[in-house]
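Scroll down for the structure; my scribbles are underneath it.
Any value given below was found using the heavy atoms of this structure, including those in side chains, with hydrogens, waters and symmetry copies removed. As the structure is a computational prediction, the values presented were derived from the model and not from experiment.
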Amino acid sequence: MKYNKEPFYQSIGQEIDIFERCYANRLPLLLKGPTGTGKSRFVEYMAYRLNKDLITITCHDETSSTDLIGRYILKGNETSWIDGPLTMAARSGAIIYLDEMAEARPDILVAIHSLTDFRRNIFIDKLGIEIQAHEDFMMVASFNPGYQKSMKELKPSTRQRFVALSFQYPSADLETKIIQTETGIQSPMAMKLVNISNKIRNLHELGLMETVSTRLIVDAAKLIHSGMNPRLAAKVAMLEPLTDELETIQSLEDLVNLAL
């Protein structure tokens, strides 16, 4: 899709310049970082900035290379070929974004290899043809290294095909600004939500697989801005998504109640 309205994105470093230089040099880019740190929004913003179509694929273990490359379908009494999103992007010169690439099946990772090196092509074995990627084609992928330690890891042979860029949570002041801009909530409340989130992020002893993302803070702020009690909003939007352990939720809720 092509964005007609500029997506809001707050730069936190040199990521815009890095993306633009990767695009100019036809280099694939890997975005690394925790969930909810703005990786997907960043890609949307850059697609808008470069005036390019963006095709996003959320990777999971049920997605096959056929889903990405294409397949024959039955129309009436005839079969016809339809391109998958990866082939469409390569033909048209769009940006393709593989979200959580480490979750993809091995056959998908093999399929993208020739698109991420000097060849910049894709072989469609069912058609027996090789497609050279459009000059403007760019591949962007993301994964969460912290989460993947206990799940799937991205192989070095795949990682080293990409320029890599790390995303972290923004500073408290910058994150407060993001929350205000995204939700319209007043600064004091936005700052309280950010401070609570930073305290939870530092509670490593709780053993949470994920912590409070900027996305979760935005959700809580939207609920508060619409009239929900702040403590309740923080609980359902920021705490409950993190764990199902009742004792852990209670401990986090105590922290919220002290701050709000």
Side-chain angles (χ1 to χ4, degrees), residues 7-16 30-46 58 97 99-100 102-103 142-151 164-260:
F8 170 72
Y9 178 75
Q10 178 65 54
S11 177
I12 59 175
Q14 296 179 292
E15 67 271 23
I16 293 175
L30 176 65
L31 308 180
K32 307 184 297 178
T35 298
T37 48
K39 301 186 294 296
S40 296
R41 177 64 65 87
F42 171 60
V43 178
E44 292 172 2
Y45 171 76
M46 292 307 302
T58 301
Y97 176 45
D99 190 17
E100 294 296 350
E103 289 295 313
S142 72
F143 91 114
N144 181 343
Y147 175 70
Q148 300 300 342
K149 286 178 182 177
S150 60
M151 301 293 285
L165 176 61
S166 292
F167 274 65
Q168 300 297 330
Y169 296 112
S171 67
D173 288 344
L174 192 54
E175 195 165 28
T176 298
K177 180 181 177 182
I178 292 170
I179 304 306
Q180 285 184 267
T181 304
E182 285 279 278
T183 68
I185 200 170
Q186 295 298 309
S187 178
M189 180 55 70
M191 189 173 296
K192 287 181 180 179
L193 294 175
V194 169
N195 288 339
I196 291 170
S197 300
N198 281 328
K199 288 180 180 178
I200 295 174
R201 290 166 184 167
N202 291 321
L203 292 175
H204 304 296
E205 63 272 17
L206 292 180
L208 297 171
M209 290 188 66
E210 292 284 359
T211 189
V212 181
S213 67
T214 303
R215 182 187 301 128
L216 294 186
I217 308 175
V218 168
D219 292 345
K222 286 180 178 179
L223 292 175
I224 294 169
H225 191 257
S226 68
M228 182 178 286
N229 177 278
R231 289 181 175 179
L232 178 58
K235 179 184 178 182
V236 299
M238 293 167 54
L239 307 186
E240 291 283 359
L242 299 181
T243 179
D244 297 321
E245 296 291 334
L246 296 180
E247 290 185 5
T248 302
I249 292 175
Q250 184 59 60
S251 298
L252 296 175
E253 198 170 355
D254 291 342
L255 187 155
V256 168
N257 291 341
L258 287 173
L260 292 178

Less than 4.5 Å apart, side chain to side chain, heavy atoms only: is that true for [X] and [Y]?
X	Y	result
I12	Y169	no
E100	T58	no
T211	N202	no
F167	K32	no

Which residue pairs satisfy the salt bridge (charged side-chain N to carboxylate O under 4.0 Å, His left out) criterion with at least one member in residues 180-199, sequence neighbours excluded?
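Those involving residues 180-199 are R41-E182.
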Return a table of donor-acceptor pairs under 3.5 angstrom between the side chains of residues 249-260 and protein atoms on other chains or two or more places apart.
unit_1 : atom_1 : unit_2 : atom_2 : d
Q250   : NE2    : D254   : OD1    : 3.0
S251   : OG     : E247   : O      : 3.1
N257   : ND2    : E253   : O      : 3.3

Where is the tightest heavy-atom contact between [X] and [Y], given as atom of each residue plus distance?
X	Y	answer
E15	Q10	OE2-O, 4.3 Å
R215	T35	NH1-CG2, 3.4 Å
S213	G36	CB-CA, 3.5 Å
P34	K39	O-NZ, 2.8 Å
N144	E210	ND2-OE2, 2.9 Å

Once salt bridge (Lys or Arg N to Asp or Glu O under 4.0 Å) is applied, do any residues pair with R201, and if so which ones, sequence neighbours excluded?
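Here the qualifying residues are E175.
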Solution key, residues 216-227 side-chain donor-acceptor pairs under 3.5 Å, sequence neighbours excluded:
unit_1 : atom_1 : unit_2 : atom_2 : d
H225   : NE2    : G184   : O      : 3.4
S226   : OG     : K222   : O      : 3.4
S226   : OG     : L223   : O      : 2.7

side-chain contact (heavy atoms from CB on, under 4.5 Å) assessment of D99 paired with S40
CA-CA 8 Å; D99 190 17; S40 296; 3.9 Å; yes
Determine which pairs satisfy side chain to side chain donor-acceptor pair (under 3.5 Å) with at least one residue from residues 227-244, sequence neighbours left out, and list them in order.
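Listed by first then second residue: nothing to list.
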Taking only residues two or more places apart in sequence or in another chain, which ones pass ring-ring contact (aromatic ring centres under 6.0 Å, His included) with Y9?
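ring-ring contact (aromatic ring centres under 6.0 Å, His included) list for Y9, sorted by chain: F42, Y45.
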Step-by-step side-chain contact (heavy atoms from CB on, under 4.5 Å) determination, L165 to L30:
CA-CA 6 Å; L165 176 61; L30 176 65; over 6 Å; no
Measure the spacing between CE of M191 and CD1 of I185 and express it to the nearest 0.5 Å.
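Atom-to-atom, M191:CE and I185:CD1 are 12.0 Å apart.
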What's the verdict on side-chain contact (heavy atoms from CB on, under 4.5 Å) for T37 and L31, showing C-alpha distance, side-chain angles and the deciding distance?
CA-CA 10 Å; T37 48; L31 308 180; over 6 Å; no
Passing candidate, side chain to side chain contact (heavy atoms under 4.5 Å, CB included) with V194, options T214, T176, V212, I178:
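The residue from T214, T176, V212, I178 that satisfies side chain to side chain contact (heavy atoms under 4.5 Å, CB included) with V194 turns out to be T176.
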